[in-house]
There are 2 protein chains.
Amino acid sequence: MDALAHIRRFNRAVTRQVGALNSSFLDRGRPLGSARVLNAIGRGQGDVAKLRQALALDSGLMSRLLRGLESEGLVVVEDDPEDGRRRIALLTEAGQAEFAEYERLSDAQAADILSRHPDQSALLAAMDLIATALTRAEIEIVPCDPLDPRARDCLAQYYAELAARFEGGFDVNLSKDPEADDMRPPRGTFLLALSDGVPVGCAALKGGADYAEVKRVWIAPAARGLGLARQLMEAIEAAARELGQLHLRLDTNSALPEAVAMYHRFGWDEIDRFNDDPYPDRFFEKRLNP
Amino acid sequence: MDALAHIRRFNRAVTRQVGALNSSFLDRGRPLGSARVLNAIGRGQGDVAKLRQALALDSGLMSRLLRGLESEGLVVVEDDPEDGRRRIALLTEAGQAEFAEYERLSDAQAADILSRHPDQSALLAAMDLIATALTRAEIEIVPCDPLDPRARDCLAQYYAELAARFEGGFDVNLSKDPEADDMRPPRGTFLLALSDGVPVGCAALKGGADYAEVKRVWIAPAARGLGLARQLMEAIEAAARELGQLHLRLDTNSALPEAVAMYHRFGWDEIDRFNDDPYPDRFFEKRLNP
DNA sequence: GATTATTTCTGACATTAGTCAGATATCCTT
DNA sequence: AAGGATATCTGACTAATGTCAGAAATAATC
């Protein structure tokens with residue numbers, strides 16, 4: 001069977017699905033164009049110029065759609081304090097509520113599909129894989145508090161994976177869990193890779209007196225193979241330079257051969273054991289140029 | 001992380017993708033409505049009434065779009081010989097060429113996504129899973145020649161799966177491969193389950209003098225758990241009645257416990273070995289009421 | 001400070017999409 | 001054969017979307 005036949009089927013299936021979602025959006029009594037603008041603003045695209053680019057709309061049309069949403073009382077448009085030509089759109093309270101209603105419609109449709117499927121986790125994994133493949137160009141790496149729920153979520157998946165891959169399992173309490181303060185500025189940092197707001201990877205820099213440690217490097221299964229690890233490691237190194245930490249170390253385990261290979265590939269030197277943590281058996285360091 | 005957040009991300013990713021595909025369709029100088037009609041006809045939806053239902057179009061609009069395509073010389077609309085009220089749309093040669101161009105655009109986009117992905121087979125499997133989940137209501141079961149490429153494709157996957165699951169592997173040459181003629185009317189039949197044209201399962205009825213045998217029951221991994229096996233078995237039984245074969249038998253293997261459980265569930269009785277094929281070790285029969 | 005570029009907004013207009021009410025021909029049922 | 005239902009088509013209309021040109025304000029450049 002031709003691979004393209006499968007993709008055509010996928011295209012048609014999602015096209016119909018998107019069509020169904022769009023017509024359910026119409027039930028809220030607003031044309032699709034306005035609904036799309038409202039949703040884009042709700043998702044944080046306030047900048048009118050970016051909005052126009054993201055939705056590929058003519059400036060005249062954009063302007064009229066915003067006037068329409070304003071007269072509905074859902075949106076206010078303010079001047080950009082940094083550039084008097086630009087304007088910024090914000091949702092009013094009513095606009096927030098309306099945006100939430102659109103999210104609810106979309107969620108209801110999603111929950112319906114999910115509930116009918118025999119293997120929900122397989123379906124979610126497939127959706128993640130495809131969403132990542134389609135939005136890979138737009139994955140962004142942002143700093144984040146190590147106690148943020150999104151960070152905790154990544155770490156939970158990271159620990160679960162270690163537990164599955166280490167022969168004797170993995171108990172985070174036996175390992176030295178870094179203090180959150182060591183992974184926050186000014187001592188260190190915690191980075192998340194976000195694909196359209198969903199975390200698909202993380203990495204931490206734990207500051208120290210003699211050297212800083214790279215910890216918790218993890219990529220979601222759906223996002224592997226996209227070169228995300230390199231992006232994260234480069235961002236970590238940039239953050240380390242920023243913080244004046246030029247001597248980096250990390251530890252890992254032979255049970256994770258792709259990690260070991262990766263550190264070699266990224267210019268890390270293998271060194272002797274430098275701590276007594278029970279899990280790692282491979283140790284690396286890298287010295288950065290300022 | 002909330003499952004719905006993942007689905008929202010998926011929704012947004014495919015919405016954007018569908019939007020991009022639609023605007024590439026516009027490049028062919030024809031409004032989207034006409035393009036959708038042309039594509040639906042090209043995919044075999046000639047019946048104007050079905051076309052209207054599939055695309056959810058008003059009869060007036062449909063009529064006008066067809067007139068437009070006719071005046072472009074892409075489509076001819078004929079009377080339905082079976083029902084004078086109905087009409088049937090067909091692509092002219094120019095229409096076929098134009099349809100092929102749309103397919104090419106869609107394929108190019110698909111190939112682009114596929115080529116950028118590190119694990120193409122995982123991406124295809126994910127697409128299959130989702131397409132099946134979204135179109136499960138529209139899976140149709142149709143008779144098909146056992147030598148049709150789509151049938152052969154299913155059988156190849158079926159044999160590969162047996163080879164993986166049987167301890168000593170599976171060599172189709174050691175098993176009694178039924179003659180194609182025994183799986184064609186008037187002796188037997190071969191059924192395919194099609195989801196938007198892509199085969200996602202099959203089952204065969206091999207006619208015989210004393211009894212007919214059910215063979216080659218297979219469901220694609222992406223389509224499992226949807227109750228497709230029951231649909232296929234019911235269709236096989238209906239075909240058997242049609243052909244006057246009321247005594248059915250089948251053989252299977254303990255290495256396929258879900259198949260064994262299924263036959264019990266569907267009212268088959270386990271019986272003694274009735275052939276000397278080396279692979280099966282479980283044997284069933286079922287007597288149908290006329 | 002003059003010139004050029006950028007951003008938003010408005011007006012005028014064209015195209016596309018969607019809706020509704022008949023008209024006509026045919027089919028189905030009794 | 002009559003009456004009701006169905007499928008398509010046409011005309012008349014409305015709403016939505018897309019396009020273009022230019023005005024006004026501000027920013028960037030020289």
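Order of the sequence lines sets the chain letters (A, B, ...), proteins ahead of strands, with each chain counted from 1.
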For a quick test of reading the model: is some side-chain N or O of A:Arg87 closer than 4.0 Å to OP1 or OP2 of C:dC9? yes

Quick one: which of C:dT16, D:dT19, C:dT8 gets closest to the side chain of B:Pro31? C:dT16

Minimum heavy-atom separation for A:Leu51 and A:Ala40, please, with both atom names. CD1-CB, 3.6 Å

Check the distance between C:dT7's P and A:Asp58's CG and give it to me in whole angstrom. 14 Å

For A:Pro81 and A:Gly60, find the nucleotide of DNA chain D closest to each by heavy atoms; which residue's nucleotide sits nearer the 5' end? A:Gly60

In short, B:Ala131 meets A:Ala13 closest at the heavy-atom pair CA-CB, 4.0 Å

Atom CG of B:Asp47 to atom C1' of D:dT6: distance rounded to whole Å? 13 Å

Output the rounded distance in Å from CG (A:Asp80) to C1' (C:dT7). 11 Å

Do B:Arg64 side-chain and D:dG11 base share a donor-acceptor contact under 3.5 Å? yes

Return the value, rounded to whole Å, for the distance between atom CD1 of A:Ile88 and atom P of C:dT7. 14 Å

Closest nucleotide among D:dT17, C:dT10, C:dT7 to the A:Leu32 side chain: D:dT17

If only side-chain N and O atoms count, and only distance matters, is there a donor-acceptor pair under 3.5 Å linking B:Ser71 with B:Arg67? no

Taking the side chain as every heavy atom from C-beta outward, state whether A:Arg9 and B:Thr132 have any pair of such atoms under 4.5 Å apart. yes

Could you give the CD-to-P distance, from B:Gln53 to D:dT6, as a whole number of Å? 13 Å

Reckon A:Arg67 has a side-chain N or O less than 4.0 Å from the OP1 or OP2 of C:dC9? yes

When you get a sec, tell me which of D:dC9, C:dC9, D:dG18 is the closest nucleotide to the side chain of B:Ser59? D:dC9

Measure CG/B:Leu61 against P/C:dC20 and give the value in whole Å, please. 13 Å

Classify the side-chain pair B:Tyr102/B:Arg36 by whether it contains a donor and acceptor separated by less than 3.5 Å. no

Both A:Gly33 and B:Asp83 contact DNA chain D. Taking the nearest nucleotide for each, which residue is further toward the 5' end? B:Asp83

Starting from C1' on D:dT17, measure out to CG on A:Leu57 and report it in whole angstrom. 10 Å

OP1 or OP2 of D:dT6 sitting under 4.0 Å from any side-chain N/O of B:Arg85? no

Using whole Å, what does the distance between atom P of nucleotide D:dT6 and atom CZ of B:Arg86 come to? 11 Å

